[in-house]
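In what follows, a structure is listed as structure tokens, so that the remarks can point back to it.
As a basis for the values below, the full set of heavy atoms in this structure was taken, side chains included, without hydrogen atoms, waters or symmetry mates. Computed from a predicted model, the values in this text were never measured in an experiment.
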Amino acid sequence: TVTLVSATLAAHRSTAAKTSGRRIITHELLPEKIALARETFAVCGIDELVNLVEGDAVEKLGEIDDIAFCFLDCEKEIYEACWDIVSTKM
């Protein structure tokens with residue numbers, strides 16, 4: 001599992017995920033950003049490689065195991081909380 005918190009980076013990392021047989025997981029909280037991310041993934045033809053998790057990343061990150069790569073792109077107020085969760089799963 002490749003965990004990302006950035007829709008733009010997910011589009012760029014899709015080739016690596018496809019080659020390695022992994023999937024990309026990205027989190028988004030805001031409805032307008034969720035819609036934009038889904039559109040971006042569809043236009044790029046990677047929507048089958050990306051699992052877009054809707055909701056608070058701090059609440060949802062704990063559900064993921066086996067993280068091979070993580071790029072955190074989040075508000076500075078939650079950065080440490082997100083890092084504390086994902087760093088134990090890498």
Side-chain angles (χ1 to χ4, degrees):
T1 303
V2 177
T3 301
L4 302 170
V5 190
S6 169
T8 303
L9 188 61
H12 292 281
R13 297 301 300 176
S14 64
T15 301
K18 184 184 253 184
T19 302
S20 67
R22 295 182 175 269
R23 291 190 44 81
I24 296 171
I25 301 172
T26 188
H27 295 76
E28 190 53 69
L29 181 63
L30 302 175
E32 60 275 9
K33 289 188 176 182
I34 292 168
L36 181 59
R38 288 198 190 287
E39 179 182 351
T40 300
F41 301 148
V43 168
C44 292
I46 62 167
D47 43 345
E48 292 186 14
L49 289 173
V50 180
N51 177 15
L52 175 60
V53 178
E54 299 180 20
D56 188 340
V58 175
E59 295 174 6
K60 306 275 185 173
L61 284 171
E63 300 170 7
I64 302 170
D65 291 318
D66 188 30
I67 298 173
F69 173 85
C70 180
F71 175 82
L72 287 178
D73 178 20
C74 58
E75 300 298 324
K76 66 180 179 179
E77 294 81 15
I78 65 167
Y79 186 89
E80 186 173 357
C82 289
W83 176 250
D84 288 345
I85 296 166
V86 298
S87 64
T88 64
K89 299 179 178 272
M90 295 174 59

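- A distance of 7.0 Å separates CG of L72 from CH2 of W83, quoted to the nearest 0.5 Å.
- To the nearest 0.5 angstrom, T26 atom OG1 is 10.5 Å from I34 atom CD1.
- Residue E80 places its CD atom among 12 or fewer non-hydrogen atoms of other residues, nucleotides or ligands, all under 6.0 Å distant.
- Contact between G55 and L29 at its shortest, heavy atoms only, is C-CD1, 3.7 Å.
- Taking hydrophobic clusters as Ile, Leu, Val, Met, Phe, Trp and Tyr residues chained together by side-chain heavy-atom distances below 4.5 Å, V50 does not share a cluster with L30.
- For the pair I25/H27, a side-chain contact is recorded, criterion being any heavy-atom separation below 4.5 Å from C-beta on.
- In this structure, the separation between CD1 on I85 and SG on C70 is 10.5 Å, given to the nearest 0.5 Å.
- For the atom pair NZ of K33 and OG1 of T40, the computed distance is 12.0 Å after rounding to the nearest 0.5 Å.
- In this structure, D66 and R22 have side chains that are in contact, with non-hydrogen atoms separated by less than 4.5 Å.
- With rounding to the nearest 0.5 angstrom, the CD1 atom of I67 is 7.5 Å from the OG1 atom of T88.
- Heavy atoms of other residues, nucleotides or ligands lying less than 6.0 angstrom from CD of E32 number more than 12.
- Salt-bridge formation is not detected for the pair E28/R38: no Lys NZ or Arg NE/NH1/NH2 atom is positioned less than 4.0 Å from an Asp or Glu carboxylate oxygen.
- Here I78 contributes atom CD1 and E59 contributes atom CD; the two are 10.0 Å apart, rounded to the nearest 0.5 Å.
- For K89 against L61, the heavy-atom pair with the smallest separation is CE-O, 4.1 Å.
- Transitive grouping of hydrophobic side chains (ILVMFWY, heavy atoms separated by less than 4.5 Å) keeps V43 and L36 in distinct clusters.
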